[in-house]
Every structure is written in structure tokens, then in C-alpha cells.
Protein chains: 2
Amino acid sequence: MIKETSSNAVNKAFLAKSCRINGALDVISGRWKALILIHIAEDKNRFSLLKAVLPTISDNILGKQLKELEAANLIVKTIIPEIPVRVDYTLSDKGEALLPILVNLSEWYDL
Amino acid sequence: MIKETSSNAVNKAFLAKSCRINGALDVISGRWKALILIHIAEDKNRFSLLKAVLPTISDNILGKQLKELEAANLIVKTIIPEIPVRVDYTLSDKGEALLPILVNLSEWYDL
DNA sequence: CTGGATCCCCTATGATACTG
DNA sequence: CAGTATCATAGGGGATCCAG
């Protein structure tokens, strides 16, 4: 739970209002988010596949990041009630729209 | 000082190697960095001007973020030995190249 | 297989005080 | 004016165990 009175929270709120770029950065700056998005785009679209590609992430964190990405409407979660349960992650339109921007960033970084 | 053995550090290293996008995100995802870049681009190019625009930032943090931006070659610091001392910050070529990408991000976020 | 619950630790962020 | 030194803290990231 976040204390709304902490200067931390105050600053966060200030940033959110003053510039949407901060909102955008918030969404993609989770430690694994960009990477997860890219892998999902490359058909690593299940929990176990993502774990295989991200060997050092813990289940817990992967779950959290996926949840946040879903909350931000970047990915869509589809539960397929097989035995065992299977879950597919796919990029939403917004998620797809983000990919070229990430590519730009990557190219910029090479500058 | 960062403990190199912490899983935190291990993961950071893994991310840095596995994908340059993380490097790029590292550079711009400091809480105030994007905002500082934008303001410098808008001629808020001195310490005190930046403080005026970012009322809730503390001297300490502003200094640190500027230092990091400089280390990342996004801004250039010019010391002008007047009395009192004056310092100008300007965007480097790399910094300027980042701006359109930030604009893209901002537009994407509005989607 | 997917991921929630719980607890811990690290580090970026911040407050404050001080210097050239 | 333009920072730096020091200290404190929140909360994001992580390990581990557990559940549907």
C-alpha cells in the first residue's frame, strides 16, 4: 500500500500530471516489461516459454509483470481450460503499436 | 556501492546483455530524466530554471540526474566562470535524437 | 502449468545541511 | 548560483512456499 502523503507519492503524482511521457515510461520501464513484450511478439506466448527465455526471473515476478502489462492494456490474456490449464498471452493493438517505438529506441541507443 | 553478487545485480547484468532496449530504457527511465531533457530542450537550461520548473525535486536529486544524463551523453554541461558561477546545459546530438522518440511515446500513450 | 501469498533486501529517491 | 555529503526511507524486485 502506498502512503499518499509520502513525498515519493506526491512526486509521482506531479510527474504523472505534468507529462504523459512519464506515464508511458512507467508502463515500459518495469525491469522486464520491454523484454517480455518483445518475446511475446515473437510467439513466446506462454508462461513456461517466457520462463525459458528469461532464466533469471522468478515465477512471482514474471506473474507480476504480466499482470501489470495486462493492466496497462499492452497484452491480452487468454485462459484455455485444458488439463493442465494453459494460458496464452498476445499483444493488444496498443502493445503492437509500441513495438516500432521500442525498435526506434534500440536504434537510438546504438547511436 | 552495488553488491555484484546480489541477484539484483545479476539480473541487471543479464538484462543489459540480452537486449539493448534495456540499456536505452535505463537511460531515460530515471524518474525525472525525460522531463529534464524536455525542459532543457525548451531552454530551461540552467540549474535554477530547472528547479523552478520542477518544484518538488530536491537539489540533490536534480544534480544526480543531470550527472547521469551527462554521463550518458545526452546533455552537455558548460561552465561559464562568471560571478556568480553559471552553468549551461544543452542537449547533445544524442539527446536531440531522443526527443522525437519521446514524442512518439507520448502519442502512443494517448492511444 | 500458472501464478497467488508472504516476507526480505537493495537501491533509487529524498530531506537536510554544507561548500566554492 | 550550483552543486556535494550524509543519512533515511519507500517500495519495486526477488526467493520461497503454496494452491487451483
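Order of the sequence lines fixes the chain letters, A, B, ..., with proteins taken first and strands second; residue numbering starts at 1 for each chain.
- In this model, the phosphate group of C:dG14 is approached by a side-chain N or O of B:Trp32 to a distance below 4.0 Å at OP1 or OP2.
- Of the listed nucleotides (C:dT2, C:dC1, C:dT13), C:dC1 has the atom at the smallest distance from the side chain of A:Pro84.
- In the set D:dG13, D:dA2, C:dT13, D:dA2 carries the atom at the smallest distance from any side-chain atom of B:Phe47.
- Between B:Ile28 and A:Leu25, the closest heavy-atom pair is O-CD1, 3.4 Å.
- At the phosphate of D:dT4, OP1 or OP2 sits under 4.0 Å from a side-chain N or O atom of B:Lys67.
- Of all heavy-atom pairs spanning A:Leu91 and A:Glu96, the tightest one is CB-CG, 3.8 Å.
- Other residues, nucleotides and ligands place no more than 12 heavy atoms under 6.0 Å from the CG atom of B:Asp93.
- Within the model, atoms CD1 of A:Ile36 and CG of A:Leu74 stand 11.0 Å from one another, a figure rounded to the nearest 0.5 Å.
- Between B:Gln65 and C:dT13 there is a side-chain N or O to OP1 or OP2 distance below 4.0 Å.
- Evaluated for a side chain to side chain contact (heavy atoms under 4.5 Å, CB included) with A:Ile75, the options A:Leu37, A:Asp88, A:Thr90 yield exactly one hit, A:Leu37.
- In the set D:dA2, C:dT13, D:dG14, the nucleotide with an atom closest to the side chain of B:Arg86 is D:dA2.
- Spacing between atom CG of A:Leu35 and atom C1' of D:dG13 amounts to 15 Å, rounded to whole angstrom units.
- Taking the ring centre of B:Tyr89 as origin, the terminal cationic atom of B:Lys44 falls outside the region bounded by 6.0 Å and 45° from the ring axis.
- Atom CG in B:Leu62 sits about 16 Å away from atom P in D:dA5, given to the nearest Å.
- The side chain of B:Tyr89 has D:dG3 as its nearest neighbour among D:dG13, C:dG3, D:dG3.
- For D:dG3, the OP1/OP2 oxygens have a side-chain nitrogen or oxygen of B:Lys77 closer than 4.0 Å.
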Distances for protein N/O vs nucleotides 16-20 of chain D N/O pairs under 3.5 angstrom?
none

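- Counting to the nearest Å, the C1' atom of D:dA2 and the CG atom of B:Leu54 are 15 Å from each other.
- For the pair B:Glu82 CD and D:dA2 C1', the computed distance is 13 Å after rounding to whole Å.
- The side chain to side chain contact (heavy atoms under 4.5 Å, CB included) test with A:Val87 singles out one residue from A:Thr78, A:Ile80, A:Ile79, and that residue is A:Ile79.
- Atom CD1 of B:Ile57 is separated from atom C1' of D:dA2 by 14 Å (rounded to the nearest Å).
- The side chain of B:Arg31 lies closest to C:dT13, out of C:dT13, D:dA2, D:dG3.
- In this structure, NZ of B:Lys51 is placed 13 Å from C1' of C:dT16, rounded to the nearest angstrom.
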From CA spacing to verdict: side-chain contact (heavy atoms from CB on, under 4.5 Å), A:Val27, B:Trp108: CA-CA 11 Å; A:Val27 167; B:Trp108 165 81; 4.1 Å; yes
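- Protein atom CD1 of B:Ile75 is 13 Å distant from nucleotide atom P of D:dA2, rounded to whole Å.
- Between C:dT2, D:dA2, D:dG14, one nucleotide has an atom nearer to the side chain of A:Ile61 than all others, and that is D:dG14.
- The side chain of B:Val87 approaches D:dA2 more closely than any other nucleotide in the set D:dG13, D:dA2, C:dT2.
- Spacing between atom CZ of A:Arg46 and atom P of C:dT2 amounts to 7 Å, rounded to whole angstrom units.
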